[in-house]
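Data first, discussion second: the structure below is written as structure tokens.
These numbers come from the heavy atoms of this one structure, side chains and all, not from hydrogens, waters or symmetry mates. Remember, predicted model here, so these are calculated numbers, not experimental data. In what follows, residues are counted from 1 in the order of the sequence shown.
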Amino acid sequence: VQLQASGGGLVQAGGSLRLSCAAPGLTFSTYAVGWFRQSPGKEHAFVAAISRNVDSKYYTDSVKGRFTITRDNFSNTVYLQMNNLKLEDTAVYFCVARRTTAHTMSRLPYNAMDYRGKGTQVTVSS
């Protein structure tokens with residue numbers, strides 16, 4: 001199973017981007033899905049997670065109020081709407097999936113995910 005992230009790019013501070021991640025071949029509705037990011041020289045860091053049935057969402061504190069995670073279980077896709085982007089949001093963003101709760105996903109390291117997709121670069125300029 002390959003998770004396929006897209007939607008990254010170059011944007012000015014204050015702008016918006018929408019990331020998408022498709023998961024063909026995955027029994028999508030049985031997995032919590034989410035996003036991690038990795039800035040240069042740093043470890044992968046949790047960004048957001050959403051539960052299987054969309055009733056729970058978790059965000060790292062630095063993106064609360066700016067990022068929104070959603071999912072479509074019919075198209076096996078998870079989205080990350082990123083508004084009011086800041087310079088410190090610059091990173092490679094990775095979508096992940098794990099057969100767990102969104103709460104647990106928010107507390108696990110990147111390497112604990114069942115599936116990890118190739119990243120998409122987000123660069124925020126001043």
Side-chain angles (χ1 to χ4, degrees):
V1 173
Q2 282 276 9
L3 302 183
Q4 302 163 357
S6 62
L10 174 64
V11 64
Q12 285 192 321
S16 298
L17 282 175
R18 188 193 196 204
L19 305 184
S20 301
C21 179
L26 186 69
T27 313
F28 192 72
S29 61
T30 67
Y31 286 80
V33 289
W35 296 88
F36 278 69
R37 66 186 178 185
Q38 186 179 31
S39 302
K42 296 187 177 180
E43 297 292 324
H44 290 84
F46 170 77
V47 177
I50 186 169
S51 63
R52 292 169 288 182
N53 55 6
V54 197
D55 62 349
S56 297
K57 299 180 182 182
Y58 291 85
Y59 300 93
T60 191
D61 286 345
S62 63
V63 309
K64 286 179 181 177
R66 300 188 298 120
F67 290 13
T68 303
I69 188 169
T70 57
R71 66 186 293 165
D72 181 344
N73 286 343
F74 292 103
S75 64
N76 282 19
T77 305
V78 57
Y79 303 95
L80 187 68
Q81 178 66 43
M82 305 186 295
N83 298 329
N84 191 21
L85 282 159
K86 302 178 179 181
L87 296 178
E88 53 265 37
D89 294 318
T90 295
V92 180
Y93 284 71
F94 300 86
C95 58
V96 296
R98 182 179 166 97
R99 194 164 269 164
T100 185
T101 65
H103 180 257
T104 298
M105 174 176 278
S106 72
R107 295 176 176 273
L108 290 173
Y110 176 74
N111 288 339
M113 299 300 114
D114 293 334
Y115 296 99
R116 304 183 295 271
K118 292 184 179 180
T120 185
Q121 175 71 48
V122 172
T123 303
V124 184
S125 65
S126 59

Taking the side chain as everything from C-beta on, heavy atoms only, tell me whether [X] gets closer than 4.5 Å to [Y].
{"X": "L19", "Y": "T120", "answer": "yes"}
{"X": "R52", "Y": "S29", "answer": "no"}
{"X": "S126", "Y": "L87", "answer": "yes"}
{"X": "T90", "Y": "V122", "answer": "no"}
{"X": "M82", "Y": "V63", "answer": "no"}
{"X": "W35", "Y": "V96", "answer": "no"}
{"X": "Q4", "Y": "P24", "answer": "yes"}
{"X": "T70", "Y": "Q81", "answer": "no"}

Is the NZ or CZ atom of R71 positioned over Y79's six-membered ring, under 6.0 angstrom from the centre and within 45° of the axis?
no
Quick one: is the NZ or CZ of R116 closer than 6.0 Å to the six-membered ring centre of Y110, and within 45° of its axis?
yes
Can [X] and [Y] be counted as having a side-chain donor-acceptor contact under 3.5 angstrom?
{"X": "T101", "Y": "T104", "result": "yes"}
{"X": "Q121", "Y": "T123", "result": "yes"}
{"X": "N83", "Y": "S16", "result": "yes"}

Under the 4.5 Å side-chain heavy-atom rule for ILVMFWY, direct or indirect, which residues accompany L10?
none
Show the nearest heavy-atom pair for residues [X] and [Y], with the distance to one decimal.
{"X": "V78", "Y": "F28", "result": "N-CZ, 4.0 Å"}
{"X": "L108", "Y": "R98", "result": "CD1-NE, 3.2 Å"}
{"X": "A48", "Y": "L80", "result": "CB-CD1, 4.1 Å"}
{"X": "A91", "Y": "S39", "result": "CB-OG, 3.7 Å"}
{"X": "V33", "Y": "A97", "result": "CG1-CB, 3.9 Å"}
{"X": "L3", "Y": "A23", "result": "CD2-CB, 3.4 Å"}

Within 6.0 Å of CZ in R107, more than 12 heavy atoms from elsewhere
no
Just checking E43: does its CD atom have more than 12 heavy atoms from other residues, nucleotides or ligands closer to it than 6.0 angstrom?
no
Listing request: all ring pair (Phe, Tyr, Trp, His ring centres under 6.0 Å) pairs with a residue in residues 48-77, at least two apart in sequence or in separate chains.
Y58-H103
Path from I69 to V47 over hydrophobic side-chain contacts below 4.5 Å
yes
Check step by step if salt bridge (charged side-chain N to carboxylate O under 4.0 Å, His left out) holds for K86 and D89.
CA-CA 5 Å; K86 302 178 179 181; D89 294 318; over 6 Å; no
Rounded distance (nearest 0.5 Å) linking atom [atom1] of [X] with atom [atom2] of [Y]:
{"X": "N73", "Y": "T27", "atom1": "CG", "atom2": "OG1", "value": "11.5 Å"}
{"X": "M113", "Y": "Y31", "atom1": "CE", "atom2": "OH", "value": "12.5 Å"}
{"X": "I50", "Y": "K57", "atom1": "CD1", "atom2": "NZ", "value": "4.5 Å"}
{"X": "S6", "Y": "R18", "atom1": "OG", "atom2": "CZ", "value": "10.0 Å"}
{"X": "H44", "Y": "Y93", "atom1": "NE2", "atom2": "OH", "value": "12.5 Å"}

Taking the side chain from D114 and the backbone from R99, do they hold a donor-acceptor pair closer than 3.5 Å?
yes
So, for F94 and F36, is the gap between ring centers shorter than 6.0 Å?
no
